[in-house]
Trainee: 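Before I ask anything, let me first share the structure, which is written out below as C-alpha cells.
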Number of protein chains: 2
Amino acid sequence: MPKLLHFLLDPLSRRMRLALAEYGVEVQLVDEKPWAPSRQLLDLNPTGHVPVMIEDTGLAVVGGEALSEYLEETRSTTIHLIPGQPIERAEVRRLVAWFDVRFYAEVTEPILSEKVINRFTGSRGNTSGPVMARVRQAREYMKGHLEYIALLSEERSWLAGNQISMADLAAAAHLSTIDYLGDVPWADHPVAQVWYSRVKSRPAFRTLLGDVIPGIPPSAHYADLDF
Amino acid sequence: MPKLLHFLLDPLSRRMRLALAEYGVEVQLVDEKPWAPSRQLLDLNPTGHVPVMIEDTGLAVVGGEALSEYLEETRSTTIHLIPGQPIERAEVRRLVAWFDVRFYAEVTEPILSEKVINRFTGSRGNTSGPVMARVRQAREYMKGHLEYIALLSEERSWLAGNQISMADLAAAAHLSTIDYLGDVPWADHPVAQVWYSRVKSRPAFRTLLGDVIPGIPPSAHYADLDF
C-alpha cells in the first residue's frame, strides 16, 4: 500500500487525503510534524515539507503541486478531479493556486503558525500564546475569500465548474484546517457554508473528520455534518 | 495572435515567455506593472497578478501554475516541457515548485521587491533605497540554491532528467531576473554557470535578452552569452 507522509493540519496534505479518498485509493498515513521532520522525510525532500507519497515500488512523489497532477495522471478512473478541456482544467488550476498560494499566505499560514506551529517550535522564545494581531488580520482576509467562494458557488455547481474538482478540495482543505481551530465565521457566510457542507458530506471527507492533534482538540462543530 | 499580459522582471512571466518560445508559439506581449495593474488585468484576474494569456477566442488562462500545464496540453508538439512518464513529470513539477515557491520566497521576492518594486510603490514612505539586510539575506539563500542546481546538473543532463523541461525554465527564469539586477555570484558557482549558459544559449532565451526596464538598466553581462 502506498504511504503518505503528512501533517494532520497541513492543507496540502489534507487535499491529498481528500483526493486519494475521492479516487478510491487507500494509503497508509505516516504522521509528520513540521517542527521535527523525520529522517525519512528529509531524505526524500530536503525542504522537510509534506506531503510526500511513497509508491510500493519505493518511488516517491514530492510536494502537493506534483502529487496533485500525478494522482490525476495515475489514479483517476471514473472520477476526474482536474476534469474537462484544457481551458476548464486551467480554471481548476487557477483556483487551486488561489487557495494554495493566496489563501495560504493570507489566512492559513498566519493562523496555523500562531495557534499551533509556534507552540511547538518555541520560535517566539518565552512569550506565550499566539500573536493575536496576525490572527485577527488573517480573519479579516478570510471574509473576502468566503465571499469569493459564495460568488463562485452561486454561479456554478462547484467552484471551478459543473463538477467537483481539485479546486473544491483545495478550498475545503484550507478551510478544514481553520475550522479545526474554530476560526471560520460560518454564521456570517451562509452561502459559503452551504457549499462547504456539500463537500463535507462527501464520503471522502470522513477521512478528515476523526483527526485529533494531541493537546489541541478540534472545535466543537468540526466533525458535525450539520454545523 | 494570443496576448500575454506580463511584467518584464516577473519570474513566472519570464518562464511563460521561455516556454512559448520553446513551443514555437508567437504571442503579443502586453506590459503590466505590479504596482499599477491595468483594468484589463484586474478584470481577468482580481489578484492583479501576471502572467495571463488571452487566446484569440477571448478566453483567458490565469496564473503561471495554470498556464504552464495549459501550454503543455495545447501547444506541445515535438517538444514537451513536462516530459516522460508520470513519475518523471512529478520530478519536473517538484522542481518547478521548488523554484516558484521556495526560491521565490527566499531569493527573488526580497531582491525584486527591495531593488525594483518598492521604488515604484513607495511602500517604504520617505526612506530611500533598498533595505540591504533583506537583499544580503537573499544572496545568502541563493548560494544553497546554486549548489543544488550544480548537484542536479552534474547528476543529470538537465535539472529534472535527460531533457530540458519546465524545471530548467523555472530556475532560469528566476535567475535571469536576479541576473538582470546583477546579483548572481556566477564566479563562485562555475557548475551552475555552465548549466545556465546552456539554457541562455537556446534560441528561446533570446526573447528575454533584449529586456530593458526604464530607469533600471540591466547588468553589464545580462545579455552576454559568454558571461
Side-chain angles (χ1 to χ4, degrees), chain A residues 2 12 44-49 51-55 57-76 82 84-106 109 141 144-145 147-148 151-152 160 165-167 170, chain B residues 2 12 44-49 51-55 57-76 82 84-106 109 141 144-145 147-148 151-152 160 165-167 170:
Chain A
L12 280 175
L44 294 169
N45 189 7
T47 68
H49 292 170
V52 172
M53 189 169 95
I54 308 171
E55 292 277 27
T57 58
L59 291 171
V61 179
V62 173
E65 300 86 353
L67 187 50
S68 176
E69 299 288 334
Y70 177 83
L71 291 176
E72 178 71 9
E73 289 178 2
T74 60
R75 299 312 207 281
S76 71
I82 310 177
Q85 296 300 308
I87 197 81
E88 297 163 312
R89 292 158 65 86
E91 177 64 357
V92 172
R93 292 174 177 126
R94 176 183 79 84
L95 288 167
V96 168
W98 179 291
F99 290 101
D100 285 349
V101 179
R102 199 170 177 215
F103 189 98
Y104 179 76
E106 293 178 351
E109 189 282 321
Y141 279 128
H145 289 286
E147 285 165 20
Y148 191 47
L151 181 77
L152 290 170
S165 75
M166 282 289 184
Chain B
L12 281 175
L44 293 169
N45 188 8
T47 69
H49 293 170
V52 172
M53 189 170 95
I54 307 171
E55 293 276 27
T57 57
L59 291 171
V61 179
V62 173
E65 300 87 353
L67 186 51
S68 177
E69 298 287 334
Y70 176 83
L71 291 177
E72 178 71 8
E73 290 179 1
T74 60
R75 300 311 208 281
S76 72
I82 310 176
Q85 296 299 308
I87 197 81
E88 298 163 310
R89 292 158 64 87
E91 178 65 356
V92 172
R93 292 174 176 128
R94 175 183 79 85
L95 287 168
V96 168
W98 179 290
F99 290 101
D100 284 350
V101 179
R102 199 169 176 215
F103 189 98
Y104 179 76
E106 293 178 352
E109 189 282 321
Y141 279 128
H145 289 286
E147 285 165 19
Y148 191 48
L151 181 78
L152 291 170
S165 75
M166 282 287 184

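Lettering of chains follows the sequences in order, A, B, ..., and the numbering in each one begins at 1.
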Trainee: Roughly how far apart are B:E72 CD and B:I82 CD1, rounded to 0.5 Å?
Mentor: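 Between B:E72 CD and B:I82 CD1, I get 4.5 Å after rounding to 0.5 Å.
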Trainee: Counting heavy-atom pairs under 4.5 Å to chain B, which of A:L59, A:T74, A:I87 comes out on top?
Mentor: A:I87
Trainee: Where does B:R94 contact chain A at under 4.5 Å (heavy atoms): side chain, backbone, both or neither?
Mentor: both
Trainee: Output the option from B:G64, B:S68, B:A90, B:G63 having the highest count of non-hydrogen pairs under 4.5 Å with chain A.
Mentor: B:A90
Trainee: Return the option, out of B:E55, B:E91, B:R89, with the maximum number of heavy-atom pairs under 4.5 Å with chain A.
Mentor: B:R89
Trainee: In this structure, which one of B:Y141, B:F99, B:W98 forms a ring pair (Phe, Tyr, Trp, His ring centres under 6.0 Å) with B:Y148?
Mentor: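 With B:Y148 as partner, ring pair (Phe, Tyr, Trp, His ring centres under 6.0 Å) holds for just one option, B:W98.
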Trainee: Distance from A:Y70 atom OH to B:E88 atom CD, nearest 0.5 Å?
Mentor: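 Those atoms lie 11.0 Å apart.
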Trainee: Non-hydrogen atoms of chain A under 4.5 Å away: do they reach the side chain of B:V101, the backbone, both or neither?
Mentor: side chain
Trainee: How long is the gap from CG on B:L44 to CE on B:M53, to the nearest 0.5 Å?
Mentor: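 Those atoms lie 12.5 Å apart.
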Trainee: Any salt bridge between B:R93 and A:E73, counting N to O under 4.0 Å?
Mentor: yes
Trainee: If you count heavy-atom pairs under 4.5 Å between each of A:E69, A:R102, A:H49, A:E65 and chain B, which one has the most?
Mentor: A:E69
